[in-house]
Amino acid sequence: MRSSRSELLRIYDLLLNAYGKQNWWPVDKEYHKSQGTDPREEVVIGAILTQNTSWRNVEKAISNLKENKLLSFKGILSVELEELKALIKPAGYYNQKAKRLKEVIGRTGSVDGLKSASRKELLSIKGIGDETADVLLLYAADRLSFVIDTYTKRIVKRVLGISGSYDELKTLFEANLPKDLEMYKEFHALMDEHAKRFCRKNPVCGGCPLRSLCLSVK
DNA sequence: CCCCAGGCCGCGC
DNA sequence: GCGCGGCATGGG
């Protein structure tokens, strides 16, 4: 498949130029500073809450947790299951997510535990699939693990004509990008932004920053 | 009214 | 290994 290396880097450059740095994962550092809690724990919590759910709804749930000073591993483990369900309700799937939050946090133990956990171990925890595992590794543990999501699949398919399984696409990116933590973080965030602005399910191709190299512009 | 959103699990095949 | 239904709220 042609030179994926330069193609991927070209996409990255165009998106970065169009949207600027995204500085993912979004966390409220000031809040954690004032509470003496670890902001990386919010990444783990947010990653589970946002599964198939709009970030807008996740923010409401996170806000509820903050108001009750429960936005931490300790907080999630200490609160009653039923109360947790009520607090995260706006994020949807609240019955599953409440259980999974406790399960995932109970099993990972601490964010530092993520530094040594294998991806396979994470996947064995109920509630952590491919994307969530990579989000935890990349954004919470600062480990070089590229995140694929439906947006990335869609963009790569449309722009480069490449489709594949999660693992195949993950390998494609990791084999063709420099081993740069910040780039991994930004690239995934930029893909997300791009899918929301232009590469929607029904694409808006007018003014798209990837027009020049997209195989399927309308 | 419809469709979608920063997935994952359990099942059947 | 892949496809499907279920899970649930809030916004467009």
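Within every chain, numbering begins at 1; the chains are lettered A, B, ... in the order of the sequence lines, protein sequences first and strands thereafter. Just so we're clear, the structure is a prediction, and the values are computed from it rather than from any experiment.
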Checklist entry - How close do K97(A) and Q51(A) get, heavy atom to heavy atom, and via which atoms? => result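 The answer is NZ-O, 3.4 Å.
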Checklist entry - Any side-chain N or O of T132(A) less than 4.0 Å from the OP1 or OP2 oxygen of dC8(B)? => result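 Looking at the OP1 and OP2 atoms of dC8(B), one of them is under 4.0 Å from a side-chain N or O of T132(A).
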Checklist entry - Would you say a side-chain N or O of R154(A) is under 4.0 Å from OP1 or OP2 of dA5(B)? => result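 Yes, such a contact exists.
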Next on the checklist: Rounding to an integer number of Å, can you tell me how far R56(A) CZ sits from dC4(B) P?
Outcome noted: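 Distance check: R56(A) CZ to dC4(B) P gives 18 Å.
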Next on the checklist: In this structure, how many angstroms lie between the P atom of dA5(B) and the NZ atom of K60(A), rounded?
Outcome noted: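 Taking NZ of K60(A) and P of dA5(B), I get 18 Å after rounding.
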Next on the checklist: If you take any heavy atom closer than 4.0 Å to DNA chain B, which residues from residues 188-210 of chain A end up in contact?
Outcome noted: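 Hits under 4.0 Å, by residue number: D192(A), K196(A), K201(A).
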Salt bridge or not for [X] and [Y], using N-O below 4.0 Å?
X: D130(A); Y: R119(A); result: yes
X: E193(A); Y: K196(A); result: no
X: D142(A); Y: R40(A); result: no

Checklist entry - Which residue lies toward the 5' end of DNA chain B, L123(A) or W24(A), if each is placed at its nearest nucleotide? => result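 Its nearest nucleotide lies further toward 5', so the answer is W24(A).
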Item to check | Side chain E42(A), main chain P39(A), donor-acceptor under 3.5 Å | outcome: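 No, because the side chain of E42(A) does not come within donor-acceptor range (under 3.5 Å) of the backbone of P39(A).
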Checklist entry - In terms of side-chain heavy atoms of T150(A), which of dG10(B), dG7(B), dA5(B) is nearest? => result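 When the side chain of T150(A) is considered, dG7(B) is the closest of dG10(B), dG7(B), dA5(B).
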Next on the checklist: From the set dG10(B), dA5(B), dG10(C), return the single nucleotide nearest to any side-chain atom of N57(A).
Outcome noted: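 Of the candidates, dG10(C) comes closest.
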Checklist entry - Can you say whether the rings of W24(A) and H188(A) are parallel (under 30°), tilted (30 to 60°) or perpendicular (over 60°)? => result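 If you compare the ring of W24(A) with that of H188(A), the planes turn out perpendicular.
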Checklist entry - Parallel under 30°, tilted from 30 to 60°, perpendicular over 60°: which one fits the rings of F187(A) and F146(A)? => result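 Geometry flag for F146(A) against F187(A): perpendicular rings.
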Checklist entry - I48(A) near the nucleic acid: base, sugar-phosphate alone, or nothing, with a heavy-atom cut-off under 4.0 Å? => result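 It contacts nothing in the nucleic acid.
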Item to check | Residues from residues 86-96 of chain A lying under 4.0 Å of DNA chain C - heavy atoms | outcome: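 K89(A), P90(A), G92(A), Y93(A), Y94(A), N95(A), Q96(A), in order of number.
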Item to check | Test side-chain hydrogen bond (donor to acceptor under 3.5 Å, both in side chains) applied to D134(A) and Y139(A), Y166(A), Y184(A), the passing residue | outcome: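 Output: one option passes, namely Y166(A).
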Checklist entry - Taking only residues at least two apart or on different chains, which pairs with a member in residues 152-161 of chain A satisfy side chain to side chain donor-acceptor pair (under 3.5 Å)? => result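 Listed by first then second residue: D149(A)-T152(A).
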